[in-house]
Amino acid sequence: KTAFEMCFGASLAGKRSVVTMKGVGLNVALDSYLHAVLNGVNAGLVVILTEDLEGESSPEIQDSRPLIDVYGSLWLEPYSIQSAYDLAFQSFEISEKIDMPVIIRLTNSILRLGGGFRRKTKKKYLKRLDHRRNKYISDWKSRYDRLIAKNRVMLRYVSSLYSPESIITRKHDMGLVLVGYNPQYKADNADMLQLFTYPFPDVLKNFIKDRTKVTVLEQGNPYAYQKVTNLTVDSSRLSAQKYSVPNNIGKWKIWNGQEKLFKALRSIKPSYVVGDEGTFTDESTKTINTCLCMGSSVGITMGLAMNNVRFPFCVTGDTSFMFEGIHTLIEAKQRKLGFGVIVIDNGGAISTGGQKIIGDVYKIDSDIPQIKIDYRKCTISDMRSILAKVRLKNNLSVIYVK
């Protein structure tokens, strides 16, 4: 969410910017993203959205495309390495043309593709700081009317993105509508229409109308199929085929990187333990009772403490703590609640590649007791003693495990 807001600020300043996130990341950034769709942009703003439809590195599988229907927006989905390059190259200009952020959706299968591509020549580009207050701060009706007008422009523009070569003239009664990259399709005895935008171009209506049978291929839930169904009165002519993707849910590695800590925590029989979504969520001792999403553990634990659960604990990573938990401590202190926050200091975002944290997880209110543990030097007995003493004092406390 913060990354998106930084890029929106860059857009206002006249700089083209790109922000990357997974589908579950878009959930967090949604408030800012939807308001950017509504208000508009200055310089081009692009979101690279990686949809983990195979559960390779996510706790759940999510298809984010229904979010398109909230305000109407333009998403691009490449179907080859060359189309990925071409769409990325055009995306900033498209964003400026339609006055909205543009999302490029990448699924697992296209992320595995390799190969070369033809480069294009960069164009000269200049934007200045946008001072138009009436564009970004105005009444709801004005902004919504402008949004409707932008969507009309966008629909016309989408159709212009498709070259005549992409439209197959009628040769067969059967038709294949491909959305994005589908490596398992068969085009024998069927005409093919390759789509790479949401919303779909107007030519899709005629493609369906002229054929007795149409099959829609896509990756994810039957989102495109439902859209195509809405374009015909005879849905019996339509069928859907989902690209078969491996489901890795349940095959993740049970983590034992902090086994001493979790054994010590488990041994003092805590009333409840809340985890954040991360590497340690499903750990070897099965100490954590619940997990909602990244950064939520401190807020959940505060809710437990407010409702007569005596001294629960939460376990969070340094990145998640900076992301949300560190701010929640302010309210917990004001409410005079007692619970323990265990921050695993990984020195970075260990679950997503080890990115360094810009900030200091140790800079919290000095009135909140802080204890620092060197994991390598501490025994299980030492950790058990520290955790038991913290619980006995019944004050809001933060335990850092380096």
Side-chain angles (χ1 to χ4, degrees), residues 1-49 64-76 87-88 90-105 123-161 197-199 293-296 299 322-331 334 358-359:
K1 182 174 184 294
T2 305
F4 182 89
E5 289 158 359
M6 290 167 67
C7 286
F8 183 73
S11 170
L12 295 179
K15 302 293 184 182
R16 288 175 170 174
S17 54
V18 58
V19 56
T20 68
M21 61 189 72
K22 291 201 299 183
V24 289
L26 184 59
N27 296 346
V28 179
L30 195 58
D31 190 17
S32 301
Y33 166 71
L34 287 178
H35 279 86
V37 171
L38 180 65
N39 288 356
V41 298
N42 181 28
L45 173 53
V46 177
V47 179
I48 305 295
L49 183 71
S64 304
R65 291 176 295 172
L67 297 174
I68 298 169
D69 300 328
V70 179
Y71 277 157
S73 52
L74 178 57
W75 290 31
L76 307 172
L87 292 174
Q90 298 175 73
S91 58
F92 297 106
E93 189 175 332
I94 293 173
S95 172
E96 291 155 9
K97 178 82 173 178
I98 65 173
D99 194 19
M100 292 182 190
V102 168
I103 286 186
I104 300 178
R105 180 183 189 245
K123 301 176 182 178
K124 288 187 177 180
Y125 160 79
L126 177 65
K127 279 272 187 178
R128 292 185 171 85
L129 176 64
D130 195 348
H131 287 286
R132 292 173 293 170
R133 188 179 189 277
N134 62 337
K135 175 180 178 180
Y136 302 104
I137 303 178
S138 58
D139 64 88
W140 161 250
K141 188 177 186 306
S142 298
R143 287 186 294 162
Y144 190 71
D145 289 348
R146 196 165 65 241
L147 177 69
I148 298 301
K150 287 195 298 186
N151 276 316
R152 291 196 193 101
V153 171
M154 179 183 65
L155 288 171
R156 291 194 296 270
Y157 189 60
V158 161
S159 292
S160 73
L161 293 174
T197 62
Y198 307 92
C293 59
M294 181 180 178
S296 64
M322 286 290 290
F323 171 63
E324 183 177 334
I326 201 167
H327 312 295
T328 313
L329 289 180
I330 298 169
E331 182 172 350
Q334 290 175 340
I358 308 301

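The two atoms that bring Met322 and His327 nearest to each other are O-NE2, 3.7 Å, heavy atoms only. Pairing each heavy atom of Ile104 with each of Val46, the nearest pair is CD1-CG1, 4.0 Å. In this structure, Glu96 and Tyr125 approach most closely via the heavy-atom pair OE2-CE1, 3.3 Å. Taking every heavy atom of both residues into account, Ser64 and Trp75 meet most closely at O-CH2, 3.5 Å. The minimum heavy-atom distance between Ser91 and Leu76, with the atom names listed, is CB-CD1, 4.5 Å. Across all their heavy atoms, Gly40 and Tyr136 have their closest contact at O-CE2, 3.5 Å.
For Ser17 (side chain) and Leu45 (main-chain N/O), no donor-acceptor pair under 3.5 Å exists by modelled atom type. Of the possible polar contacts, none joining the Asp130 side chain to the Ala13 backbone as a donor-acceptor pair under 3.5 Å is found. Using modelled atom types, one side-chain atom of Lys150 and one backbone atom of Val37 make a donor-acceptor pair closer than 3.5 Å.
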For a side chain to side chain contact (heavy atoms under 4.5 Å, CB included) check, start with the C-alpha distance between Asn42 and Lys127, then their side-chain angles and the critical distance, and finish with the verdict. CA-CA 8 Å; Asn42 181 28; Lys127 279 272 187 178; 3.6 Å; yes
One pair to check against side chain to side chain donor-acceptor pair (under 3.5 Å): Tyr198 and Ser73. What are the steps and the verdict? CA-CA 8 Å; Tyr198 307 92; Ser73 52; over 6 Å; no
What do the steps show when you test Thr20 against Val47 for side chain to side chain contact (heavy atoms under 4.5 Å, CB included), and what is the final call? CA-CA 6 Å; Thr20 68; Val47 179; over 6 Å; no
Evaluate side chain to side chain contact (heavy atoms under 4.5 Å, CB included) for Ile48 paired with Val19, printing each intermediate quantity in order. CA-CA 6 Å; Ile48 305 295; Val19 56; over 6 Å; no
Before giving the answer on side chain to side chain donor-acceptor pair (under 3.5 Å), spell out for Asp145 and Ser142 the whole-Å C-alpha distance, their side-chain angles and the decisive distance to 0.1 Å. CA-CA 5 Å; Asp145 289 348; Ser142 298; over 6 Å; no
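A tilted orientation is assigned to the rings of Trp140 and Tyr71, their planes being inclined by 30° to 60°.
For Lys15, the NZ atom sits in a loose shell: 12 or fewer heavy atoms of surrounding residues, nucleotides or ligands are nearer than 6.0 Å.
For the pair Pro101 and Val41, the minimum side-chain heavy-atom distance is below 4.5 Å. No side-chain heavy atom of Met154 sits under 4.5 Å from any side-chain heavy atom of Lys97. Looking at heavy atoms from C-beta onward, Ser138 lies out of side-chain contact with Arg133 at the 4.5 angstrom threshold. Under the 4.5 Å side-chain criterion, counting only non-hydrogen atoms from C-beta, Ser32 is not in contact with Phe8.
Of the inter-residue distances, the one linking Ser11 atom OG with Phe92 atom CZ reads 10.5 Å to the nearest 0.5 angstrom. Atom CG of Asn39 and atom CZ of Arg132 lie 11.5 Å apart (nearest 0.5 Å). Note that CG of Asn151 is 10.0 Å distant from CG of Leu74, once rounded to the nearest 0.5 Å. Summarising the geometry, atom CG belonging to Leu147 is positioned 10.5 Å from atom CZ belonging to Arg152; distances are rounded to the nearest 0.5 Å. The distance from the CZ atom of Arg143 to the CD1 atom of Ile148 is 13.5 Å, given to the nearest 0.5 Å. In this structure, OG in Ser296 is found 6.5 Å from CD in Glu324, a value given to the nearest 0.5 Å.
Checked options Leu161, Ile94, Val102; the residue passing with Thr197 is Leu161 (criterion: side chain to side chain contact (heavy atoms under 4.5 Å, CB included)).
Ionic pairing of Lys123 and Glu93 is present here: one or more N-O contacts between side-chain nitrogen and carboxylate oxygen are shorter than 4.0 angstrom.
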